[in-house]
> 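Have a look at the structure that comes next, please.
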Amino acid sequence: MYSSKQPGDRKKILFASFPADGHFNPLTGLAVHLSLTGYDVTWYTSSGYAKKLGKLNIPHYPFKKAIDVSDNNFDQFFPGRKKKKTQIGKLKFDIINAFILRGPEYYEDIKAIHASFPFDLMIADCAFTGIPFVKERMRIPVISIGVMPLTETSKDLPPAGLAMTPSYTALGKLLQSVLRAAANMIIFKQPHRVMYQLFEKYQLPHKGESLFDMNIQKSDLFLQIGTPGFEYYRSDLSRHIRFIGPLLPHATTTVHKQWFDPRLVEYKKMILVTQGTVEKDPRKLLIPTLEAFKDTEVLLVVTTGGSQTTELRESYPHKNIIIEDYIPFAEVMPYADAYITNGGYGGVMLGVEHKLPMVVAGVHEGKNEICARVGYFKLGINLKTETPSPRQIKLAVEKILSDNSYKINVEKLEKEFTEYDPFELSSQYIAAVLKTAKTAAAVLKMEMV
């Protein structure tokens, strides 16, 4: 519904996101919704998203001071990363260089934006490290969107970031408390030191929070994508965290010819496999899956994200294989019996919405935590690697297709998803934060008189 508000009456909202599809795309549906319901919306992110934002009719402020690490091209911008040989080593390096150290640069850009677009509220993805600067230095309210599993530290859970699943026994909780301390003081000691030094330099107040908690605690509200059924139980969940359901990217209304292949109704079983648009190496997941199911009685539909599609078609011309750059998941998932993915959060949300048991194989960019939850809640099988073998994949698929409990668990979570309206909930929370901010500003003005 379009707003009848005059331009001068419209509240201004700045969206801000780390330059990666998994951080940008989930917020696009909400941005368009808010724009259509009367807010003046603009977006600060990489210039690589200018075209997408143009199609959404959302004004764009590109990075100026901030280093643009779009497409997860960390090796290109930070040569020292290549020296890190372990997953933990790379994770710590990325946290410092791609995230923490970019915060002051985002702050400088956003101050300049505010001069021409005096926004009333910033909405950012949960990994955007400009959040504390906007909240504390600019005194502007911030709402964060959890585009990945919740990272908040809890006395009930193991440390975040390591894909460890929880134990709720007394002994398990004791062990987890030791692991949390070890993670902060040993594993993530250097990132914490860098973050605290940065906060002290910019006079940002802190209480020694974990780096996994900082953006959560510095936000007026934290809106977590998903529902409680896809998150570990916390008895000490912060009161300003809200679940908003499966917030998904904006769905275009452009009329197009619906994708279909006659083989979709010719085979008794169909499997969909994707490794998203960021991962370009088909040897990690696509080729092992193709090897596992070529010349079988199962139809395998492969989406490549535009990476090496022609080469894969030439190597796998088998009748039971369909390989495409991209297929709208809403058009292909209704035919699927199982879903193989490297664990992108949005893709997993879609898999649940289409009641698909999953085989997940992802490690980097936080996918290990997503895959851990898929396995923990028995929505599918977590292979705990990003380079599974054809045998591993085939056995896992056979397991989730023969054991109906996976399907039942996914259907249960899908039902929970339907109880949440992401746009309606988000709109209510946004209006409440803006109202509170307006009241606080009025009180401050009265005190200054």
Side-chain angles (χ1 to χ4, degrees), residues 17-18 20-30 33 123-128 143-154 156-157 160-161 163 165-166 212-213 215-216 219 221-251 276 329-330 333 339 341-358 360 362 365-380 382 406 409-430:
S17 56
F18 180 80
D21 285 1
H23 299 250
F24 171 85
N25 287 337
L27 276 61
T28 54
L30 178 59
H33 173 76
I123 297 177
D125 80 86
C126 59
F128 181 74
I143 291 178
S144 298
I145 307 292
V147 297
M148 59 185 70
L150 190 58
T151 62
E152 185 181 42
T153 301
S154 170
D156 299 318
L157 302 181
T165 54
F212 296 104
D213 297 335
N215 278 355
I216 296 174
S219 301
L221 268 182
F222 189 92
L223 306 184
Q224 177 63 41
I225 295 177
T227 63
F230 191 59
E231 190 48 68
Y232 304 138
Y233 171 73
R234 292 167 168 82
S235 62
D236 50 358
L237 183 73
S238 290
R239 296 180 66 182
H240 72 303
I241 294 175
R242 305 284 189 275
F243 289 92
I244 56 172
L247 182 67
L248 296 170
H250 175 67
F329 279 0
M333 279 187 165
Y339 177 41
T341 170
N342 62 348
Y345 202 51
V348 168
M349 294 289 107
L350 279 170
V352 173
E353 285 205 317
H354 287 87
K355 307 176 186 178
L356 292 176
M358 290 168 260
V360 290
E365 295 89 40
K367 292 182 175 66
N368 59 342
E369 289 285 358
I370 301 166
C371 295
R373 284 161 172 78
V374 170
Y376 179 81
F377 292 110
K378 292 182 169 53
L379 307 173
N382 177 17
Y406 294 101
N409 291 331
V410 176
E411 289 176 344
K412 181 181 177 182
L413 183 56
E414 185 275 336
K415 184 178 180 181
E416 183 177 287
F417 275 17
T418 63
E419 298 171 0
Y420 288 73
D421 184 332
F423 291 159
E424 180 62 27
L425 288 170
S426 298
S427 296
Q428 291 176 10
Y429 293 136
I430 289 165

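Just so it is clear, the values below take in all heavy atoms, side chains as well, and ignore hydrogens, waters and symmetry mates. None of these values were measured; they are calculated from a predicted model.
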> If you measure from CD on E231 to CD1 on I225, what distance do you get to the nearest 0.5 Å?
12.5 Å
> What's the verdict on salt bridge (Lys or Arg N to Asp or Glu O under 4.0 Å) for E411 and K415, showing C-alpha distance, side-chain angles and the deciding distance?
CA-CA 6 Å; E411 289 176 344; K415 184 178 180 181; over 6 Å; no
> Counting N and O atoms only, with roles assigned by atom type, does the side chain of D125 sit under 3.5 Å from a partner on the main chain of V147, one being a donor and the other an acceptor?
no
> Of the options F230, Y233, Y232, which is the one that meets Y376 in a ring pair (Phe, Tyr, Trp, His ring centres under 6.0 Å)?
Y232
> So, D236 versus S154: side-chain donor-acceptor pair below 3.5 Å or not?
yes
> Would you check if the side chain of Q224 reaches a backbone N or O of R242 as a donor-acceptor pair within less than 3.5 Å?
no
> Where the side chain of T151 meets the backbone of A160, is there a donor-acceptor pair that is under 3.5 Å apart?
no
> Establish, yes or no, whether a centroid distance under 6.0 Å links the rings of Y420 and F243.
no
> Mark yes or no for whether N368, through its side chain, and G161, through its backbone, hold a donor-acceptor pair below 3.5 Å.
yes
> Hey, could you give me the OH/CD1 distance between Y429 and I143, rounded to the nearest 0.5 Å?
10.5 Å
> Using 0.5 Å steps for rounding, measure from the CZ atom of F222 to the CD1 atom of I145.
8.5 Å
> Test side-chain hydrogen bond (donor to acceptor under 3.5 Å, both in side chains) on H33 and S427 and set out the steps.
CA-CA 9 Å; H33 173 76; S427 296; 3.1 Å; yes
> What's the separation between atom CD1 in I216 and atom CD in E152, rounded to the nearest 0.5 Å?
5.0 Å
